[in-house]
Amino acid sequence: MPHDPDPPPAKKFKPGSPFFPANKKPGMLLPKKGNAPIPIDLQRKQLPIYQAKSQLIDQLRQLHNAVLIGETGSGKTTQIPQYLYEAGIGRQGIIAVTQPRRVAAISLAGRVAEEKRTQLGKLVGYTVRFEDVTSPETKLKFMTDGMLLREAIGDPLLLRYTVVILDEAHERTVHTDVLFGVVKSAQRKRKEQNKIPLKVIVMSATMDVDLFSQYFNKSPVLYLEGRQHPIQIYYTKQPQSDYLHAALVSIFQIHQEAPPSHDILVFMTGQEEIEALARTCRDIAKHLPETCGPMIVIPLYASLPPAQQLRVFQPAPKGCRKVILSTNIAETSITISGIKYVIDTGMVKAKRYNPDSGLEVLAVQRVSKAQAWQRAGRAGREDSGSCYRLYTEDEFDNLANMTVPEIQRCNLAGVILQLLALGVPDVLNFDFMSKPSPESMRMAVEQLDLLGAVERKDDQVSLTSLGKKMACFPLEPRFAKTILISPDFSCTEEILTIVSLLSVDSVLYNPPARRDEEWCRENFVNSRNMGLVAEVRAQLRDICIKLGLKLESSLSELANVRRCLAHGMFANAAELQPDGTYVALDTHQTVAIHPSSVLFQAKPAYVVFNELLHTSRCYMRDLCLVDADWLQEAAPEYFRRKIHTAKS
DNA sequence: CCCTCCGGT
């Protein structure tokens, strides 16, 4: 049993500790239904942060670096940029606020424009990929962190900006982590060159900010009170061998005991698991005694069509309980109101990277303590709540404190290429806040070398002219390379389409329950992803034109396209063995053609592939038939000892 | 004989 009828001794949870006294009950951010709307100026003044306004302005005026801890709902992201602007801080340039996610950048800009009573795109604007809603008047600019990084390639000192606010820093995305180093270096260089100073403010929702403070010259840490309500935490008495069963028992225990208006949010690992548990819950709910009210079970994960994602926001009918089964999308990206109970399985599906094999693997693993607190916090947004952890307190104590930053578990080829394009002199010793392993750095440089993007002299790495062009594309280096060589094969139009398709998620839905139905192949087109492909292709095509590439189509000469892919993707080649298996020529790993491939039955002698998927076996996905000769031509040195047979 | 967490330029 996940928990007993009388719960184990509970721990009171109140994340963070208020630095500014909590002498006032904070007001509601949004007007309640039926009440007169609260004027927007009053709403601003009712935010917890307003109490600290003048103190904050005084401190931020003096500091070059600051770390700000603000609980959810403190109002730090919308108010700090306005406070700075209103106090005349950084007026010579633009105040940038970076976000890991597009939707956040867009909606925050909308909110702040409304508070400033200006049209979006004037004083307040935003810039995300495919969308730039700014003008020369824009002084408060919300943007994705990836976008600021792109901009830095053309302007490494970020001279348009007087203040850069790095929000949601605790999430530690690759982009945020690279930006840490970029803004730190820009700040130092501007000081050395007597340019207008750059103020850097790091914002985090979690307390573990020592690393941020150390990294930014031991900058002071400012604390902000939030609106988080107390959350009662429950642990299991015994470790659970089956977290899905434990989740099921917990859901129905709460369902039988709690008032029906109290909604439940369950954190799980993936689509298939969620859909299966949803079915089980619905079956059980049908056979409950009359005394138990009805229950509506809603799955939530990123690949769900938008219309179905929206269902989580609809209130359940009166007397009916809403149970949401979600991946970690509900940890940060989607916030649902009315959640009274969180059930945390303690598990998450996340990417792991093995620098030796160069393989990224998705694996179910334990969450970190920070993640567990983030999940629990989802129960206390409007009122006090409860979080049921399906593991013991001892198990919790043994969790890692923080999730390993993404930069330490991904392929770094793109990051290194970008740093070189930024003019970082000694990339291998770049000042990362959390250094990736030397092994994965070395692997990345080797990959770039193979692609012809870099030159190495002694221990110094520099960009070739091909590498400089590659960095212009918002793509993985091998894709950029493939586009850049496509004019040699007169097939740039085709390659643009292929690369666009490969660089977004699948354009086909693949519902597990209907995998056997033949007509899915024609009908289950994911319009969201297909639309994205079209936008990506248009953007890449623009870059080709700017670089002066000849845009040709090979028409019916498809061998040109395959030849081009062989030249661009030669590092991802595999060779058929006499026993019918394949060997990846780069790592000598045994691999197989994924059964979903049209080449599954064909057994071609040589293929290039887009990615390796390590599941029941190591599968190659997105394949293209190539000739051995083409691979030899593409990288003669590299293949000298790798290819066994002469021809395919 | 297939069994994909979340993001982003």
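Because the structure is predicted, anything quoted here is derived from the model rather than measured. Per chain, numbering begins at 1; letters A, B, ... match sequence-line order. Computation of the quantities below employed the complete heavy-atom set of this structure, encompassing side-chain atoms and omitting hydrogens, waters and symmetry-equivalent molecules.
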Sugar-phosphate only, base, or nothing, as touched by Thr173(A) at under 4.0 Å among non-hydrogen atoms: nothing
d(CZ, Arg352(A); P, dC6(B)) in whole Å: 18 Å
Sugar-phosphate only, base, or nothing, as touched by Val364(A) at under 4.0 Å among non-hydrogen atoms: nothing
5'-most by nearest nucleotide on DNA chain B - Ala302(A) or Leu475(A): Ala302(A)
Whole-Å distance separating the CE atom of Met268(A) from the C1' atom of dC5(B): 13 Å
Under 4.0 angstrom between Ser597(A) side-chain N/O and dC2(B) OP1 or OP2: no
Position toward the 5' end of DNA chain B (nearest nucleotide), Leu300(A) or Pro474(A): Leu300(A)
Arg102(A) side chain near dT9(B) phosphate (N/O to OP1/OP2, under 4.0 Å): yes
Between dG7(B) (C1') and Asp145(A) (CG): distance, integer Å: 9 Å
Any donor-acceptor pair under 3.5 Å from Asp177(A) side chain to Ile407(A) backbone: no
Sugar-phosphate, base or nothing in reach of Ile329(A), heavy atoms under 4.0 Å: sugar-phosphate
dC6(B) phosphate, OP1 or OP2, under 4.0 Å from Tyr301(A) side-chain N/O: no
Ring center gap for Tyr391(A) and Tyr243(A) short of 6.0 angstrom: no
Ile483(A) CD1 to dT9(B) P, straight-line distance once rounded to whole Å: 17 Å
Check: Ser440(A)/Ser437(A) side-chain N/O donor and acceptor closer than 3.5 Å: yes
Rounded distance in Å - CE (Met347(A)) to C1' (dC5(B)): 13 Å
Nearest listed nucleotide, side chain of Leu613(A), among dC3(B), dC1(B), dC5(B): dC3(B)
For atom CE of Met470(A) and atom C1' of dT9(B), their distance in whole Å: 15 Å
Selected nucleotide, minimal atom distance to Arg101(A) side chain, candidates dC5(B), dG8(B), dT9(B): dG8(B)
Nucleotide nearest His594(A) (side chain, heavy atoms from C-beta), chosen from dC5(B), dT9(B), dC3(B): dC3(B)
Side-chain N,O (Ser333(A)) to OP1/OP2 (dC6(B)) below 4.0 Å: no
Rounded distance in Å - CG (Asp505(A)) to P (dG7(B)): 10 Å
Minimum heavy-atom distance Arg378(A)-Ile334(A), with the two atoms named: NH2-O, 3.5 Å
Expected output: side-chain Lys349(A) to main-chain Gly270(A) donor-acceptor under 3.5 Å: no
Matching residue for Tyr126(A) among Gln99(A), Arg102(A), Lys141(A), Glu131(A) - test: side chain to side chain donor-acceptor pair (under 3.5 Å): Glu131(A)
Closest nucleotide among dC1(B), dC6(B), dC2(B) to the Gln601(A) side chain: dC1(B)
Length of the CG-P vector between Asp167(A) and dG7(B), whole Å: 17 Å
Sugar-phosphate only, base, or nothing, as touched by Phe473(A) at under 4.0 Å among non-hydrogen atoms: nothing
Residue-phosphate contact under 4.0 Å: Thr144(A) side-chain N/O, dT9(B) OP1/OP2: yes
